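Structure first, then comments.
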Amino acid sequence: MRFVWPYGGRSVFLSGSFARRWSELIPMTPVEGCPTVFQAIYSVMPGYHQYKFFVDGEWRHDEHQPYVSGEYGLVNTVLLATDPNFFHPNVTPEITSGSNMEEDTEAFRRLVRITDGNLTDVVPRITEGDLQGSRHRISVFLSAHTTYELLPESGKVVALDVDLPVKQAFHILHEQGIPLAPLWDFSKGQFVGVLTASDFILILRELGNHGSNLTEEELETHTIAAWKEGKAYLNGQIDGHGRALPRRFIHAGPYDNMKDVVLKLLQNEVATVPIIHSSSEDGTFPQLLHLASLSGILKCICRYFRHSSSSLPILQAPICELHVGTWVPEIGESNCRPLAMLRPSASLSAALNLLVQAQVSSIPIVDDNDSLLDIYCRSDITALAKDRAYAHINLNEMTIHQALQLGQDSYSPFEPRSQRCQMCLRSDSLHKVMERLANPGVRRLVIVEAGSKRVEGIVSLSDIFKFLLG
């Protein structure tokens, strides 16, 4: 029987229930004159069979051929019958929906692990030349494209006036389902900063501080401008005359190249900047066009190289081999940055403190065996704006579990919780990790052990870009 993989790749193999029960990898060769089409001829007995393709180190299935979700994940099927009335009872006419990048089931991964000794020989090794060549191509791509290309055909942007009360501002963030908003100063006629979920965290911590001058009642009249000035005093950002130092407003223009914007985001340790355009030379009458983010730029990279992945060899390498992200230290390993994790019984105050001190966007919530249960994100804090919940809680008494339950029905339709709480395996390719991080709202991926879901590491958007740009 002739098996065909028509979607390209560097190295393609076939395996199936007929190939020594999945333990054999059958090499596939390009069709003459069609370098993206691979084929293999294999002797198959009559009956019902399942098969998959091993393409550049990843298990794939052909979405355009019959496939089902079964014991071994998403697999293609073939029925070879000598009797025309023969029909296998497990085959249904319905085709399972999904992507050929879907996660395999644990049963199939255990089976594949048996053949790891053979697979290590067929997965291409990443050389220093491959690494530097891939980085150069990504750098050239980012330098040749501007942030103008990030603008959607239609959409909305939300800006807040600095004279708006802080309390009302956070209600707006929650209702609009957005984690941040640029700030407009009417008296200056310009954008002056950004209000983020981190500001709400700091305000809640300040409210919980008995020595604070800020009370919940003052939030009714306390403006964003007043908070920003007070925040500068809290952070010691004052001049010699005791006045608050204005923080430089970080933004981008529509014709800035993506590489410069990525470097600006990394250097300032932020994930998003406003794209602002002014048609006048002096910068008056600025227009807010969009928000440029690391995830949006990563999505452009994935889209551009999706059909030419062979030009970027590093995309097929397992994430664990690339030294990307933060990993749980191995036994005997020292001087490693520990992973920020918490138990569900930890206080909300502990979570907020950790988000600020560790300068992370989210924290894995784990059980006593360090198995992943949930994840608490900075943007989750805006759920406390609903029904003024922040006015009725004690940060030291409320647990993370209770906080997550409180916000269960408060997640934005633009950023569903199930989408943000994403994880991957250490054997997943860099390409798969990048595709997941390119989803809106996903800032970090938790790397877990197959089966137990024990947390092994964390990969963030900034980790990916620091690696891609060297």
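Computed from a predicted structure; not experimentally measured.
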* Criterion side chain to side chain contact (heavy atoms under 4.5 Å, CB included) on Val75 and Val68, from CA distance to verdict -> CA-CA 6 Å; Val75 296; Val68 297; 4.1 Å; yes
* **Donor-acceptor pair, side chain of Asn76 and main chain of Asp62, under 3.5 angstrom** => yes
* Apply side chain to side chain contact (heavy atoms under 4.5 Å, CB included) to the pair Ile250 and Leu265, showing each step before the final yes or no. => CA-CA 9 Å; Ile250 305 166; Leu265 290 165; over 6 Å; no
* Asked: Are side-chain heavy atoms of Val459 and Phe467 found at a separation under 4.5 Å?
  -> no
* Main-chain N/O of Val270 paired with Asn268 side-chain donor or acceptor, under 3.5 Å -> no
* Check whether any side-chain heavy atom of Cys377 lies under 4.5 Å from a side-chain heavy atom of Arg443, and answer yes or no. => no
* To do: Can you measure from CG (Leu437) to SG (Cys302) and round to the nearest 0.5 angstrom?
  => 8.5 Å
* Give the minimum heavy-atom separation between Ser69 and Leu74, together with the two atoms involved. => CB-CD2, 3.7 Å
* Side-chain contact, heavy-atom cut-off 4.5 Å: Leu294 with Val262? -> yes
* Heavy-atom side-chain proximity of Leu291 to Val273 below 4.5 angstrom -> no
* To do: Using the side-chain contact (heavy atoms from CB on, under 4.5 Å) rule, pick out the option among Leu131, Asp130, Asp56 that qualifies with Pro313.
  => Asp130
* **Expected output: side-chain Lys264 to main-chain His251 donor-acceptor under 3.5 Å** => yes
* Under 3.5 Å: donor-acceptor pair, side chain of Ser143, backbone of Ser139 -> yes
* Run the numbers on Val194 and Thr272 for side chain to side chain contact (heavy atoms under 4.5 Å, CB included), then give the verdict. => CA-CA 10 Å; Val194 175; Thr272 306; over 6 Å; no
* Trp5 ring center within less than 6.0 Å of Tyr7 ring center -> yes
* Phe18 side chain near Ile26 side chain, heavy-atom distance below 4.5 Å -> yes
* Closest approach of Phe38 to Gly8 (non-hydrogen atoms, all atoms of both residues) -> CE1-C, 3.9 Å
* To do: Using atom types as modelled and distance alone, determine if a side-chain donor or acceptor of Ser460 lies under 3.5 Å from a backbone N or O of Gly325.
  => no
* Ring centre gap for Tyr51 and Tyr42 strictly below 6.0 Å -> no
* Checking side-chain contact (heavy atoms from CB on, under 4.5 Å) against Ile363, which of Leu354, Asp380, Asp374 comes through? -> Leu354
* Side-chain heavy-atom pair Phe170, Ile203 within 4.5 angstrom cut-off -> yes
* Asked: Looking at side-chain heavy atoms only, is the closest gap between Ile319 and Lys432 below 4.5 Å?
  -> no
* Please test Asp161 against Trp184 for side chain to side chain contact (heavy atoms under 4.5 Å, CB included), starting from the C-alpha separation and ending with a verdict. => CA-CA 5 Å; Asp161 194 294; Trp184 172 260; 4.0 Å; yes
* With sequence neighbours left out, which residue pairs that include part of residues 130-159 fulfil the ring-ring contact (aromatic ring centres under 6.0 Å, His included) condition? -> Phe141-His145, Phe141-Tyr304, Phe141-Phe305, His145-Tyr304
* If you measure from CZ on Phe13 to CE on Met28, what distance do you get to the nearest 0.5 Å? -> 10.5 Å
* **Rounded distance (nearest 0.5 Å) linking atom CD of Gln357 with atom CG of Leu352** => 10.5 Å
* Structure fact -> Closest heavy-atom pair, Leu164 versus Leu160, reported as atoms and distance to 0.1 Å, is CD2-CD2, 4.0 Å
* Asked: Within the side chain of Ser462, is there an N or O that forms a donor-acceptor pair under 3.5 Å with the backbone of Leu266?
  -> no
* **Shortest non-hydrogen contact from Ala159 toward Phe191** => CB-CE2, 4.0 Å
* Mind checking the CG-CD spacing from Leu425 to Glu456? Nearest 0.5 Å is all I need. => 8.5 Å
* Can you measure from CG (Asp163) to CG (Asp185) and round to the nearest 0.5 angstrom? => 7.0 Å
* Within residues 271-301 or reaching into it, pairs that qualify as ring-ring contact (aromatic ring centres under 6.0 Å, His included) - sequence neighbours excluded -> none
* For the atom pair CZ (Arg436) and CG (Leu298), what is the distance rounded to the nearest 0.5 Å? -> 13.5 Å
* Structure fact -> Note: Val433 and Cys424 closest approach over all heavy atoms is CG2-SG, 4.1 Å
* Asked: So, does Thr326 use its side chain to make a donor-acceptor pair with the main chain of Leu339 at under 3.5 Å?
  -> no
* **Check: Leu355 main-chain N/O paired with Arg378 side-chain donor or acceptor under 3.5 Å** => yes
* To do: Report yes if some heavy atom in the side chain of Val55 is under 4.5 Å from a heavy atom in the side chain of Glu58; otherwise report no.
  => no
* Asked: Taking the side chain from Ser15 and the backbone from Glu24, do they hold a donor-acceptor pair closer than 3.5 Å?
  -> yes
* To do: For Lys228 and Leu195, indicate whether the former's side chain and the latter's backbone hold a donor-acceptor pair under 3.5 Å.
  => no
* Structure fact -> In terms of heavy-atom contacts, Val44 and Met1 come closest through CG2-CB, 4.3 Å
